[in-house]
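Let me begin by presenting the structure, written as structure tokens, before commenting on it.
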Amino acid sequence: SRLAGLPQPSCDTGKARPPPPPPLLPPPHAPPAAAAHASVFDVPTMAGDACYEQHDASDYRGRVNTTVWGFTCQRWDSQTPHQHSFYPWRYPEAGLEENYCRRPNGEGPHCAWCYIVEAERWHHAITDCCDVGEPQLSCQPSPPPSSPPPSVPPSLPPSPMPPPPPSPWPPPPGPSSPPSLPPRMPPPSPRPPPPLPPPVPPPPRPQLPPPPLFPPLMPPPHLPPTNP
């Protein structure tokens, strides 16, 4: 026949068919647009003393001691080969340690810089900037993610208490009422004071005769007779 020699479908129903292919998995959940495109201000912070925030690197306290051209930095406590006035004891807050790149007191180039040891050999300037990275928005370590509070299962309402069984004893008598007090009598009215006795007139004063206006005339004294 015409179909002789061509592969025919199996007519044997006793054989197990191969398993179907697994279904296609859905694509993974795409992150939201806010997370996929981070803000330009979300700059990752740098840990340790290599992080700084000032645009002029005046607060840089890292340990870079070579310039952008590969020159070795001179120690800050040394005056060779270049003399300078940036003594560590004069600027204690500038971090002038070893030969690390610094910008003491905000002076010098607008970067973290240092004096070059091989400046005269290569006819280069005596100072040069260092590659200390970019300033960060914040050097404070990010707080750890807060874990969600544990879920508390909802508490069931308390079951109502069964009523107490009736007591076989009679109820005790109630408290006796206190004896009633007699009505309060009004206070007695004050008695009027007794009448005062009539005033006694003073005794009459005795009438004295009026004194004489002139004293009585006395007779003249008896004069002795005179001798002739």
Can you tell me how far apart [atom1] ([X]) and [atom2] ([Y]) are? Round to the nearest 0.5 Å.
X	Y	atom1	atom2	value
Arg102	Asp59	CZ	CG	10.5 Å
Gln74	Glu118	CD	CD	10.5 Å
Asn65	Arg75	CG	CZ	10.5 Å

Between Asp131 and Val64, is any pair of side-chain heavy atoms under 4.5 Å apart?
->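 Not touching, per the 4.5 Å side-chain cut-off.
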
With a 4.5 Å heavy-atom cut-off, do Pro104 and Trp76 have their side chains touching?
->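 With C-beta onward as the side chain, the pair touches.
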
Taking all heavy atoms of Cys51 and all of Ser138, pick out the closest pair and write down the distance.
->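 Reported closest heavy-atom pair: SG-O, 4.2 Å.
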
Got a donor-acceptor contact below 3.5 angstrom from the [X] side chain to the [Y] backbone?
X	Y	answer
Glu93	Tyr91	no
Gln79	His84	yes
His82	Ile116	yes

What do the steps show when you test Asp56 against Gln54 for side-chain hydrogen bond (donor to acceptor under 3.5 Å, both in side chains), and what is the final call?
-> CA-CA 5 Å; Asp56 59 348; Gln54 301 298 327; over 6 Å; no

Can you list the steps and then say if Arg63 with Glu97 is a side-chain contact (heavy atoms from CB on, under 4.5 Å)?
-> CA-CA 9 Å; Arg63 299 187 178 184; Glu97 304 172 359; over 6 Å; no

Do Trp69 and Phe71 have ring centres separated by under 6.0 Å?
->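 No: the rings miss the under 6.0 Å criterion.
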
Taking the six-membered ring for Trp and the full ring for Phe, Tyr or His, determine whether the centres of Trp113 and Tyr115 are under 6.0 Å apart.
->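 Close enough - the centres of the two rings lie under 6.0 Å apart.
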
Verdict with supporting geometry, Cys111 and Cys129, disulfide (SG to SG under 2.5 Å) | CA-CA 6 Å; Cys111 59; Cys129 291; 1.9 Å; yes

When you look at Cys73 and Cys101, which way does the disulfide (SG to SG under 2.5 Å) test go after all the steps?
-> CA-CA 7 Å; Cys73 294; Cys101 300; 3.7 Å; no

Assess whether atom CG of Asp77 is packed by more than 12 heavy atoms of other residues, nucleotides or ligands within 6.0 Å.
->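 For Asp77, atom CG is crowded (more than 12 foreign heavy atoms under 6.0 Å).
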
